[in-house]
Every structure is written in structure tokens, then in C-alpha cells.
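The block underneath contains the structure these notes are about, expressed in C-alpha cells.
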Amino acid sequence: MTSLDPRRARLWERLGLGPVWTERSAPALAPAGSAGLPVEVPVALDRGIDRMGWDELERTVAGCTACGLCKARTNTVFGVGSRDSQWMLIGEAPGAEEDLRGEPFVGQAGRLLDSILAAAGLGRAATGASAVYIANVVKCRPPANRNPEPDEVVRCEPFLRRQIMLLAPRVIVVMGRVAAQAVLGTDASIASLRGHAHRIDVAGASVPVIVTYHPAYLLRNLADKAKVWADMCLAREVFDRTQPRAH
Ligand code: URA
């Protein structure tokens, strides 16, 4: 079994959650060749999440009090889209509008994301091969739209890991630094991670991960739209070359 990467192990220790004990039955979601979402789950963080189905997982997120973000939230923001989607998009954390509506990417950045998806023949309300499932690394809104703190990411990450395992997507697109770093377990910049397919191991299957800029960044840097389009084209190419997963 792959062990927890040292950076994450140190973080968990600082949070008072070490030593890191693991359950033998914890299913594998490990990166192929690099650190990523941890394959081993500390007992203090496990909460049975890796055995939950979609509905129980969503209910558990709705009642989660694992970090301070629960105090100010209006709604948790679990995810949107068909649970049969073969595409998965991962963002950072809900903003004000998402917190009010309980759905990811419904503000200005979300409208831009919807246009990018539409241009790629995809959509959150679509079905079949055009369907996408969209989730965030963190399910509650950080105050004043600050970046999630590392401990908030660590406490919320098991939910995302389980969503990835349940969906078993054919391709994952991570948007922005927080999502890229959480999914791939790296400190590298978006610029250096773009342009090729990374791989994470999802319960024994190697799933391609494409890194792109966050739509909120694009709103401030319109000139980089072409790069995001190139990333979506790469994701499409990788998707077309990848066999559908058996669920
Ligand atoms: N930004 C994100 O990363 N996620 C959302 O849901 C909204 C804005």
C-alpha cells in the first residue's frame, strides 16, 4: 500500500491528528508516480466516508462540523451534475452565491465556466457523454472568499476523494491552484502543471487529470482564455482516448 506523503503526514501531525493509522479496507485513490490525495486515511479523519454511497455522503457533508467553516455557512455545497458523468471538474470552494444556493459555480465565475463547458459541448445539466459533474475541494464557504486553509482542505478532502471514487470519471479537470495542489499533492504552479495529463490512481484505475486556470482568475486575466480553451481541448483528446470506466 502506498504511504501517506510526508508533507501531508506533517500537516496532520501539526493538526494533532497523528500518528497516522490506517484502515486495511481503505480503498486506493493514490497518484501514479507522485503524491496526491492520500491512499491512507487517518482514523481521526476517516468517519467511514470511504464506504458511503452518494446519498449518505451528501447527508454527511450537510451535517459536517469538522472545521470552523461550518459556523458561518448557509448551505454546504456538495456538487452538481449527473452522477453518471464521465467528466469531472473540480474547483476550490464555494463563494457567496454558491453558499446561498447550495450549488457550485453559480456566480460570475460559474457563468463563465458554463460558457466554456457549452463551447466544449458539455454541461452541468447534460446527460450521456456531454454530462459533467462539478465539485469543490472544500464544501463550505471560506469567509470573505479567502483561500481555504490547509487544515480545512485536509478535513474536507475525504469527501472529494469519495466523490471521485463513486463517479470514477474518465477524465478530471482541476481548476486553479487549490484544486490542482489538493488532487495532485504538489506545490507546483498552474503554469508548470498545464499542458499534459497527470494521472491519479482511483481504486486501481489510472485516471487522467488535466490542470487549468480557475474561471475567477480568467475573469481578471481574459488574455488567458485561449490557454483554458487549449486545456479543454487537451481534456477532450484525453477523454476520447480513454476507455469508459465500468461502474
Ligand atoms: N469558485 C469555486 O472554486 N467554486 C465555486 O463553487 C465557486 C467559485
Side-chain angles (χ1 to χ4, degrees), residues 37 54 57-58 61-62 64 67-70 72-83 85 87-118 120 122-126 131-164 167 169 171-186 189-191 193-194 209-222 224-225 227-228 231-232 235:
L37 289 175
W54 278 111
L57 187 66
E58 186 163 6
V61 167
C64 180
C67 78
L69 294 183
C70 65
R73 75 180 172 222
T74 313
N75 289 295
T76 52
V77 178
F78 181 69
V80 69
S82 164
R83 292 172 179 180
S85 298
W87 287 77
M88 183 172 200
L89 273 87
I90 301 176
E92 177 178 318
E97 290 181 61
E98 290 77 19
D99 172 69
L100 285 178
R101 288 184 39 193
E103 181 173 331
F105 287 100
V106 289
Q108 209 190 350
R111 287 188 285 280
L112 176 56
L113 176 61
D114 283 338
S115 330
I116 295 168
L117 290 174
L122 303 169
R124 66 177 78 199
V132 297
Y133 186 84
I134 307 173
N136 286 311
V137 174
V138 168
K139 312 300 190 208
C140 296
R141 180 191 180 204
N145 295 340
R146 66 158 168 76
N147 287 342
E149 299 287 350
D151 69 302
E152 292 159 354
V153 170
V154 164
R155 286 167 197 273
C156 220
E157 204 170 59
F159 297 127
L160 177 66
R161 179 178 53 242
R162 187 63 185 154
Q163 286 174 301
I164 296 173
L167 196 67
V171 67
I172 298 174
V173 179
V174 290
M175 302 176 289
R177 187 180 56 82
V178 169
Q181 294 187 348
V183 172
L184 298 173
T186 173
S189 67
I190 296 292
L193 294 169
R194 286 185 55 249
V209 178
I210 305 297
V211 175
T212 194
Y213 292 105
H214 192 284
Y217 163 89
L218 268 197
L219 289 170
R220 300 186 303 270
N221 299 275
L222 285 176
D224 280 338
K225 260 189 183 174
K227 293 184 185 163
V228 171
D231 297 335
M232 290 307 291

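Ligands are counted one by one from 1 in listed order, and the atoms in each one are counted from 1 as well. Along the sequence shown, residues carry numbers from 1.
- Which of Asn136, Val137, Val138 comes nearest to atom 4 (N) of ligand 1 through a heavy atom is settled by distance: it is Asn136.
- Between atom CG of residue Leu218 and atom CG of residue Leu113 there is a gap of 9.5 Å, rounded to the nearest 0.5 Å.
- Geometrically, ligand 1 and Glu98 share no nitrogen or oxygen pair separated by less than 3.5 Å.
- Of all atoms in ligand 1, numbered sequentially from 1 with element shown, those under 4.0 Å from a heavy atom of Glu92 are 2 (C), 3 (O).
- Atom numbering of ligand 1 starts at 1 in the shown order; those under 4.0 Å from a heavy atom of Pro104 are 6 (O).
- Each of the atoms 1 (N), 2 (C), 3 (O) of ligand 1 lies under 4.0 Å from some heavy atom of His214.
- Val80 places none of its side-chain heavy atoms less than 4.5 Å from the side chain of Tyr133.
- Nearest non-hydrogen protein atom to atom 5 (C) of ligand 1 is Ala93 O, 3.4 Å.
- Applying the salt bridge (Lys or Arg N to Asp or Glu O under 4.0 Å) rule to pairs touching residues 94-114 yields Glu103-Arg124, Asp114-Arg124, sequence neighbours excluded.
- Atom SG in Cys156 sits 8.0 Å away from atom CG in Leu69 (nearest 0.5 Å).
- Under a 4.0 Å criterion applied to the non-hydrogen atoms of Gly91, ligand 1 contributes the atoms 3 (O).
- Looking at Phe105 next to ligand 1, an N or O pair under 3.5 Å apart turns up.
- Residues in residues 139-148 take part in these side chain to side chain donor-acceptor pair (under 3.5 Å) pairs, two or more places apart or across chains: Lys139-Gln163, Arg141-Asn145, Arg146-Glu152.
- The aromatic rings of Phe105 and His214 lie tilted to each other, with the angle between the two planes from 30° to 60°.
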